K.L.:
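This is the structure I want to talk about, given as structure tokens.
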Amino acid sequence: MHGEYKVPGGKLVVADVDVVDGLLRAPRISGDFFLEPDEALDAIDRALDGLPAGLEARDLAARVQAGLPPGTVMLGLTAEAVGIAVRRAVSRASDWRDHDWRLVHEGPQPPALHMAIDQVLAEEVGAGRRPPTLRIWEWGASAVVIGSFQSLRNEVDGDAASALDVEVVRRISGGGAMFVEPGNTITYSLYAPESLVAGMSFAESYAFLDDWVLGALAELGVRAWYQPLNDITSDQGKIAGAAQKRLASGAVLHHVTMSYDIDVDKMLSVLRIGREKLSDKGTTSAKKRVDPLRRQTGLARDEIIRRMVAHFRTRYGLTPDALTDDERILADKYVAEKFSTPEWTARVP
């Protein structure tokens, strides 16, 4: 059994292992990481040999950590990464390049339609009717997108949203509210089979699925990292937030909203973020917390997207694609029956 795991911001860890009578046998850990002393690698293999194959990654990591020689130094490698690589081997996880990735990047769409397309494409990938897909969003209107489990009235000032012509929609994934405006946001979704994140917890899969973004940002001169659970941040402040949904069909929906530019005053008018703190100090704090890519890169939004897509294509392969007629029809149906209805948007009042 063979499993691979790229440490976010680190190196590749590879696990080759047999399972005999429910136990790990002849484990071999390798990769492009740095490890001292040399005998630490043999110690890792010995620590894994004979362990129950059903152990979770964190339990495997604990055994690895306990078996390391005193003074071991790991660079680009962690005991947790070894555990994940082994779990991915045992789970027969797929790798990014095992899949024929498609790119969907179409013109501006209404917010409710974006919510519907997300559900449709995730379902289609889960059913095997669509290859794994990267979709770049273009927003047709300003919006507040709230998480599946958030309270509408607790998160959004409805009067302010109406006055500022900001549409309020609810997505199918959890997480917090986000404020978006056309031209000021870079939003993308990944629709993948669950095999891609096999052997990982939700928390581990967040960073794994966005590691390519960290690489793309590095090429743009932005030193960014993943801040658990679901933020991409830099020395200058938060850049993006992620959310995820795993469907019963076996698909993973992972989407991210990145701030290219932002009207903080407008955002704070619509979102009830620390409303009791809306003093000059509170507003200044909010502006500092979110640091848009426009300021950090000096590049046009379209150029950042172009380079992100090029980076993904270089790492994993990517073929241009579009929504099918059937997918469009189903998305329109979901808009009418779900995503534009008060029953869905206010399902948690």
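Everything numeric in this text was worked out from a predicted model, so none of it was measured.
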K.L.:
Treating T297 as the side-chain partner and L299 as the backbone partner, does any N or O pair qualify as donor plus acceptor under 3.5 Å?
P.N.:
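At least one qualifying donor-acceptor pair exists.
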
K.L.:
Give a yes or no on whether V19 and I84 share a hydrophobic cluster (residues Ile, Leu, Val, Met, Phe, Trp, Tyr; joining criterion: side-chain heavy atoms under 4.5 Å apart).
P.N.:
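Yes, because V19 and I84 connect within a single hydrophobic cluster, where side-chain heavy atoms sit under 4.5 Å apart.
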
K.L.:
Set out, in order, the CA-CA distance, both residues' side-chain angles and the distance that settles side-chain contact (heavy atoms from CB on, under 4.5 Å) for N184 and I262, then state yes or no.
P.N.:
CA-CA 6 Å; N184 280 357; I262 190 167; 5.8 Å; no

K.L.:
Answer yes or no: is there a side-chain heavy-atom contact under 4.5 Å between V90 and L24?
P.N.:
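A side-chain contact exists here, since the closest heavy-atom pair is under 4.5 Å.
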
K.L.:
Is any side-chain heavy atom of I136 less than 4.5 Å from a side-chain heavy atom of V104?
P.N.:
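A side-chain contact is absent here, since even the closest heavy-atom pair is not under 4.5 Å.
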
K.L.:
May I ask you to test the F149-R170 pair for a side-chain heavy-atom distance under 4.5 Å?
P.N.:
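SC-SC contact between F149 and R170 ruled out.
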
K.L.:
If you take all heavy atoms of A116 and A331, which pair is closest and at what distance?
P.N.:
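Shortest heavy-atom separation between A116 and A331 comes out as CB-O, 3.3 Å.
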
K.L.:
Is there a path from L214 to F33 through hydrophobic residues (I, L, V, M, F, W, Y) whose side chains come within less than 4.5 Å of each other?
P.N.:
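Yes, same cluster.
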
K.L.:
Between S151 and P349, what is the shortest heavy-atom contact and its length?
P.N.:
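Shortest heavy-atom contact: OG-O, 2.5 Å.
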
K.L.:
Examine V166 and M178 and state if one hydrophobic cluster contains both, with Ile, Leu, Val, Met, Phe, Trp and Tyr joined whenever side-chain heavy atoms are less than 4.5 Å apart.
P.N.:
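No.
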
K.L.:
If you compare all heavy atoms of L196 against all heavy atoms of W101, which two are closest, and at what distance to 0.1 Å?
P.N.:
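Minimum heavy-atom contact is CD2-CZ2, 3.9 Å.
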
K.L.:
Tell me whether the rings of H114 and W137 are parallel (<30°), tilted (30 to 60°) or perpendicular (>60°).
P.N.:
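Parallel: the ring planes of H114 and W137 meet at under 30°.
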
K.L.:
Is atom NZ of K245 surrounded by more than 12 heavy atoms (other residues, nucleotides or ligands) closer than 6.0 Å?
P.N.:
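Not more than 12 within 6.0 Å, no.
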
K.L.:
Between side-chain atoms of residues 52-74 and protein atoms elsewhere (two or more places apart, or another chain), which donor-acceptor pairs fall under 3.5 Å?
P.N.:
from: T72; atom 1: OG1; to: P69; atom 2: O; distance (Å): 2.6

K.L.:
Do R88 and E204 meet the salt-bridge criterion of a basic N to acidic O distance under 4.0 Å?
P.N.:
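So E204 does not pair with R88 through a salt bridge.
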
K.L.:
I need the minimum non-hydrogen distance between R28 and V17, along with the two atoms involved.
P.N.:
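Nearest heavy atoms, R28 then V17: NH2-N, 4.1 Å.
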
K.L.:
Do the non-hydrogen side-chain atoms of I304 and L220 ever get within less than 4.5 Å of each other?
P.N.:
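Heavy-atom side-chain distance check passes, below 4.5 Å.
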
K.L.:
Regarding R46 and D42, does a basic nitrogen lie under 4.0 Å from an acidic carboxylate oxygen?
P.N.:
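Here R46 does not pair with D42 in a salt bridge, since their nearest N and O are not under 4.0 Å apart.
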
K.L.:
Enumerate the side chain to side chain donor-acceptor pair (under 3.5 Å) contacts for residues 205-215, please, sequence neighbours excluded, ordered by first and then second residue.
P.N.:
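Counting only pairs at least two positions apart or across chains, the side chain to side chain donor-acceptor pair (under 3.5 Å) contacts touching residues 205-215 are K6-D211, Y188-D210, S205-Q244, S205-R246, D210-Y226, D210-H254, D211-R315.
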
K.L.:
Would you call M200 and Y5 a side-chain contact if the rule is heavy atoms closer than 4.5 Å?
P.N.:
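Touching, per the 4.5 Å side-chain cut-off.
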
K.L.:
Side-chain contact test, heavy atoms from C-beta onward, threshold under 4.5 Å: evaluate it for L209 versus V252 and give yes or no.
P.N.:
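Contact flag for L209/V252 side chains = yes.
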
K.L.:
What heavy-atom pair brings S234 and V222 nearest, and what distance separates the two atoms?
P.N.:
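In terms of heavy atoms, the two residues are closest at CB-CG1, 4.3 Å.
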
K.L.:
For the CD atom of E124 and the OG atom of S249, what is their distance to the nearest 0.5 Å?
P.N.:
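The CD atom of E124 sits 9.5 Å away from the OG atom of S249.
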
K.L.:
Enumerate the residue pairs fulfilling ring pair (Phe, Tyr, Trp, His ring centres under 6.0 Å) with a member in residues 330-349, sequence neighbours excluded, ordered by first and then second residue.
P.N.:
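Counting only pairs at least two positions apart or across chains, the ring pair (Phe, Tyr, Trp, His ring centres under 6.0 Å) contacts touching residues 330-349 are F339-W344.
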
K.L.:
For the hydrophobic clusters of this structure (ILVMFWY residues joined by side-chain heavy atoms under 4.5 Å, transitively), does one cluster hold both M308 and Y316?
P.N.:
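Hydrophobic grouping puts M308 with Y316.
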
K.L.:
Could you walk me through whether M258 and V213 satisfy the side-chain contact (heavy atoms from CB on, under 4.5 Å) test, starting with their C-alpha distance in whole Å, then the side-chain angles of each, then the deciding distance to 0.1 Å, before giving a yes or no?
P.N.:
CA-CA 11 Å; M258 312 176 76; V213 178; 3.9 Å; yes

K.L.:
Does R129 CZ have over 12 foreign heavy atoms under 6.0 Å away?
P.N.:
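Yes, enclosed.
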
K.L.:
Quick one, R25 and D49 - any side-chain contact, counting heavy atoms below 4.5 Å?
P.N.:
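They are in contact (side-chain heavy atoms under 4.5 Å apart), so the answer is yes.
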
K.L.:
Indicate the atoms forming the closest heavy-atom contact of R130 with A322, along with that distance.
P.N.:
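Reported closest heavy-atom pair: NH2-O, 3.1 Å.
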
K.L.:
Between CG of L318 and CZ of F312, what distance do you get to the nearest 0.5 Å?
P.N.:
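Output value for this atom pair is 6.0 Å.
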
K.L.:
CD/E194 to CG/L247 distance, rounded to the nearest 0.5 angstrom?
P.N.:
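So the gap between those two atoms works out to 9.5 Å.
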
K.L.:
Show the numbers, then the answer: is there a side-chain contact (heavy atoms from CB on, under 4.5 Å) between Q296 and I239?
P.N.:
CA-CA 10 Å; Q296 291 205 40; I239 295 171; 3.9 Å; yes

K.L.:
E106 vs R328, test: salt bridge (charged side-chain N to carboxylate O under 4.0 Å, His left out). Steps then yes/no.
P.N.:
CA-CA 12 Å; E106 302 190 337; R328 293 177 194 278; 2.9 Å; yes

K.L.:
Does this structure show an ion pair linking R301 with E138, if we count only N-O contacts that are shorter than 4.0 Å?
P.N.:
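Judged by the 4.0 Å cut-off on N to carboxylate O distance, R301 and E138 do form a salt bridge.
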
K.L.:
State whether the number of non-hydrogen atoms from other residues, nucleotides or ligands found under 6.0 Å of D235 atom CG is greater than 12.
P.N.:
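Result for CG/D235: enclosed.
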
K.L.:
Report the C-alpha distance between L134 and L190 in whole Å, list the side-chain angles of each, state the deciding distance to 0.1 Å, and finish with yes or no for side-chain contact (heavy atoms from CB on, under 4.5 Å).
P.N.:
CA-CA 5 Å; L134 166 67; L190 290 169; 3.8 Å; yes

K.L.:
I'd like to know if the side chain of Q150 reaches the main chain of G147, judged simply by a donor and an acceptor atom lying under 3.5 Å from each other, with no hydrogens or angles considered.
P.N.:
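Yes: the side chain of Q150 pairs with the backbone of G147.
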
K.L.:
Hey, does L121 have a side-chain heavy atom less than 4.5 Å from the side chain of L323?
P.N.:
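Yes; the side chains approach each other to less than 4.5 Å.
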
K.L.:
Apply side chain to side chain donor-acceptor pair (under 3.5 Å) to the pair T133 and R135, showing each step before the final yes or no.
P.N.:
CA-CA 6 Å; T133 298; R135 179 169 75 98; over 6 Å; no

